[in-house]
Amino acid sequence: MKETFFRTLSWLHTWAGLLVCWVLLLIFFAGSLSYFRHEMSLWAEPELHRGAFQDYQVDQVANQLEKGQSYIETHSAPTTQRWLINFPTERSPMLSFAWQLPPEKGQRRGKIEQHTALADGSGVITDVRDSRGGDFFYRLHFDLHYMSAITARYIVGVCTMFMLIALISGIVIHKRIFKDLFSFRQNKGARSWLDAHNVSSVIALPYHLMITYTGLITLMLMYIPWTVSTAYPEDNQAFLKELNPARQTEKASGIQAEQVRLSQLLPQVQAKWGDAPIKQVIVSYPKDQNSQVTFYQNTGKEVTDESSILVFNGVTGELKYASPHEVSGTVTTYDTMMSLHTARFAAPLLRILFFFCGLLGCAMVASGTLMWAIRLRQKQQKAIDKGEKASRGLRLVEGLNFMFILGLPLGAAAFFYANRLLPVGFATRSAWEVHSFFIALAAMGVWAFFGRSRRHWQLALMIIGVLYCALPVLNAFTSPSHFIDNIRSQQWALVGFDIVALLLGSAMLFASTRLSAVVKTLQKPSRKNTATAEKVTRKQPAPSYANELASSSPLEEAKS
């Protein structure tokens, strides 16, 4: 505890954010990209960019069900565990037929083989490259990678709780929260970074609070399992069955039976849902006596994360379960929290707003870490001026800043380039797409070991900017349709990907030119101080970016 409540909360705000800041930066970055996971997945499969996109048509559903069932029966293995027919949606405008094989040794789930139907009904596309697409970034922001999902989710949960503490304490210590929203002083060293931190925090403050709190809610039963274990001390499966009875399927009996035709179930579905669009149909244990057919309604435009489903007996066609129209207030509240966090209900403009707020979250964390490095270097500046080395802690902070702030966008670019440049028939290409992300991130860490000066930041930003600006060119050479073709065919998801890549690349190049201009300014000392500057330069090691940022203003700590 400090001498005042304000200083105590200032200390809490600083350390709650800084102890986990680089993990939070990864979570914010990957989570922000996740708002367009389906669009990124579309871009990552160029084989489908021509001839496969189509809209949902009510009058074609029966024919598509019949065609899909016949296709899967013909091409899937007898040991198949599930059949899946995916109908076109707003964000995934394709009709596909898929089946899931039994899991191999060491696998939790079996591999899914998916084939996409051509829009004109003339055939099926079978040769599509293996890619994680946008699902990689979605899983990354809460499952991390190269570790068990349980361990990763506990790490993410702890970091998210620290984030919530930092947000609440930050609100309390902001004496001028509304004034800070409009205050940004350029070329003032640490004060400028404090202003950038304040502005990026306050503009998207409601979003930051919402996304942090709902992030904890999504996995609350994992973090606080005692309520379930108290109410169901002997059998947690009983809780899951009561919570979601529709997903509890009987095991395969091993007794073969005739599978009901899916198109014959459509009148019962329409009697319940009318002309509401169907998102997916899943057949569990096909041609088994315990077969089950589940219809999923497309509720993408509603503020809900709960599936509206109908479950039928796969042999007799009898309706076994229908989602209730009314649920408890607790379920509704939890469902709304989940939906707010994932933004699956959001229209394109709202997802863009969420994406922008997520980038502001990245800016909030990054500016905080840079400001911390500047303050550390300011405290050690006198010793550094005498020729002493910076402390290990300072060098570590500056290195991690360089690695994560620049490495994350570079890693995303490397992921997309690997998606297009790796051979299509490469057996583990989806895994190497992911590896390329972390290789690029690690490369920036190695780079930071050799140099972190302003020139290094400038060069890195330039490289990243060029890579992003060249993504539309890469797409034009590796896809059957380029930017102009996509505009003509109104494939706005692909058009949007190219536009966002150009905007991000342009922002990186602009930042690089700004750094270049500052470098030239700093390299022109006055004649009066030239001799003194030369003496100091001989004693000093290569300056870091934090040192150069601090040098543009007097060495005074920025105070809120």
Report the distance from atom [atom1] of [X] to atom [atom2] of [Y], rounding to the nearest 0.5 Å.
X	Y	atom1	atom2	answer
Arg153	Ile155	CZ	CD1	12.5 Å
Leu406	Asn401	CG	CG	9.5 Å
Met337	Thr342	CE	OG1	13.0 Å
Leu360	His208	CG	NE2	6.0 Å
Leu95	Ile85	CG	CD1	8.0 Å
Leu18	Thr369	CG	OG1	8.0 Å

Counting C-beta onward and ignoring hydrogens, is there a side-chain heavy-atom pair between [X] and [Y] closer than 4.5 Å?
X	Y	result
His49	His482	no
Gln280	Phe87	no
Leu350	Leu353	yes
His341	Ile217	no
Arg91	Leu42	no
Phe136	Glu433	no
Ile439	Trp432	yes
Gln100	Lys111	no

Sole candidate of His456, Arg452, Met403 that passes side-chain contact (heavy atoms from CB on, under 4.5 Å) when paired with Trp447: His456

Under-4.0 Å salt bridge between Glu45 and Arg129: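 No.
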
Just wondering, more than 12 heavy atoms not from [X] lying within 6.0 Å of its [atom1]?
X	atom1	answer
Phe483	CZ	yes
Leu421	CG	yes
Trp492	CH2	yes
Met161	CE	no
Phe356	CZ	no
Phe510	CZ	no

Does Arg37 count as lying over the ring of Tyr138, i.e. NZ or CZ under 6.0 Å from the six-ring centre, within 45 degrees of the axis?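 Yes, Arg37 sits over the ring of Tyr138.
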
Under the 6.0 Å and 45° cation-pi test, does Arg420 pair with Trp43? yes

Is a side-chain donor-acceptor pair under 3.5 Å present for [Y] with [X]?
X	Y	result
His435	Tyr146	yes
Asn298	Thr89	no
Ser148	Thr151	yes

[X] and [Y]: which non-hydrogen atoms are nearest, and at how many Å?
X	Y	result
Cys469	Ser506	SG-N, 3.8 Å
Ser131	Arg429	CB-NH1, 4.5 Å
Tyr468	Ala413	OH-N, 3.7 Å

Using a 3.5 Å distance criterion without hydrogens, assess whether the side chain of [X] forms a donor-acceptor pair with backbone atoms of [Y].
X	Y	result
His13	Ser169	no
Tyr56	Ile278	yes
Ser479	Ala476	no
Thr336	Thr332	yes

Test log, rule side chain to side chain contact (heavy atoms under 4.5 Å, CB included), inputs Leu140 and Phe437: CA-CA 11 Å; Leu140 177 65; Phe437 175 89; 4.0 Å; yes

Determine, stepwise, if the pair Val397 / Trp372 fulfils side chain to side chain contact (heavy atoms under 4.5 Å, CB included). CA-CA 8 Å; Val397 169; Trp372 187 27; 4.1 Å; yes

Go through Val434 and Arg132 one step at a time and tell me if the side chain to side chain contact (heavy atoms under 4.5 Å, CB included) criterion holds. CA-CA 8 Å; Val434 176; Arg132 293 283 299 276; 3.9 Å; yes

Audit row: Val199, Met364, side chain to side chain contact (heavy atoms under 4.5 Å, CB included) steps and yes/no: CA-CA 8 Å; Val199 169; Met364 173 183 64; over 6 Å; no

Taking ring-ring contact (aromatic ring centres under 6.0 Å, His included) as the criterion, tell me which of Phe137, Tyr35, Phe36, Tyr207 meets it with Phe355. Phe36

